[in-house]
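Structure first, then comments.
Labels below follow one simple rule: chain letters A, B, ... track the order of the sequence lines, proteins then strands, and each chain is numbered from 1. Keep in mind that this is a model prediction, so the values were computed, not measured.
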Amino acid sequence: MDNRITSYCRITNDAVVVNGEKHTIPRTDSPWLSDIYHAENLSYPKFFKMDNLAKAGFLGAELTLKDLNIDKTEPKQNIAVICCNRSSSLDDDTAYQHTIQSADNYFPSPAVFVYTLANIVTGEISIRNKIMGESAFYVLEHFNPQKFCSFVRGAFSDKTIDACLCGWVEYFNGNCDVLFAYVTRNELKNLDLHIENLYK
Amino acid sequence: MEELILELKKEIIEVLNLEGMTPDDIDNDAPMFGDEGLALDSIDALELIVLLEKNYGIKLANAAAGKEVFKSVRTMAEYVSKNRTK
């Protein structure tokens, strides 16, 4: 089976793997996603304002793109960002609900509210990398490589798109399940199998 | 006033998730918005309005007043000191 994927990243509750290499993440008292951010020497203060889903997507995208020679300061029309997950923004929706739960302590948090949409993840990634191509976020019942890849192929139906930064970005109740990949037009053959294997 | 300024700095760091920042890193008179100082954004401004209401019982309904109140931590402390209900 040929046509490997240019770059990918897998993040679960206890491991970070980038292009087949397991990264060492020293654990601290901070949350897991913050430990990854620090261990990978990332520098983007807005990260700490994001909800967990956006943090997970941001990290997946950052680590996938890290070794690719992609200029984050140059606007790019030829890259699409496509994400999917199961729980949508339910993790943040729940956090927001807590800020409005009690009539006696009713203080809706604007900073929490802005993340109560899953597609904010694709927006954060696009802003960070100045990606101006198509972006979409789909919610599926479960991880489904065939559907996932059909969305990616759909992005390439636009002839101006040369690459797709695509990810399964699931975060709910402390459970993190992320697979990100950078796929070029030449890598669409066998994409379903590659994605399925990388997710295992 | 200095005590209130310190209290506000701690609250700002917490509610705005200013990771790695301590009260000493925030200049009392530095601009809170714009490219200098804390470089906060519009969502941060809304969060500060919630902070005033939640912690000090101040309802800031006038957006123009907010511009003056949130000029710096010192102006914010002065406003809180004069208008707090709790």
Quick check: are there more than 12 heavy atoms from other residues, nucleotides or ligands sitting under 6.0 Å from NZ of A:K76? yes
If you compare all heavy atoms of A:F107 against all heavy atoms of B:E53, which two are closest, and at what distance to 0.1 Å? CE2-CG, 3.8 Å
Start with the C-alpha distance between B:D44 and A:K49, add both sets of side-chain angles, then the distance that settles side chain to side chain contact (heavy atoms under 4.5 Å, CB included), and finish with yes or no. CA-CA 10 Å; B:D44 295 324; A:K49 300 189 177 201; 2.8 Å; yes
NZ of B:K10: more than 12 outside heavy atoms within 6.0 angstrom? no
When every non-hydrogen atom of A:P110 is compared with those of B:V50, the smallest separation belongs to CD-CG2, 3.7 Å
Counting neighbours of NZ on A:K72 that are heavy atoms of other residues, nucleotides or ligands and sit closer than 6.0 Å, is the number greater than 12? yes
Take atom NZ in A:K66; do more than 12 heavy atoms of anything else shown fall under 6.0 Å from it? yes
Top of A:F47, A:F48, A:Y106 for chain B proximity - count of heavy-atom pairs under 4.5 angstrom: A:F48
Does a sphere of radius 6.0 Å around OH in A:Y199 hold more than 12 heavy atoms from other residues, nucleotides or ligands, not counting ones at 6.0 Å or beyond? yes
Among B:V15, B:N17, B:L16, which residue forms the greatest number of heavy-atom pairs with chain A at distances under 4.5 Å? B:N17
Are more than 12 heavy atoms, taken from residues, nucleotides or ligands other than A:R153, located less than 6.0 Å from that residue's CZ atom? yes
Closer than 3.5 angstrom, by distance alone: can the side chain of B:E47 be matched with the main-chain N or O of A:A111 as a donor-acceptor pair? yes
Is B:L51 in contact with chain A via its backbone, its side chain, both, or neither, using a 4.5 Å heavy-atom distance? neither
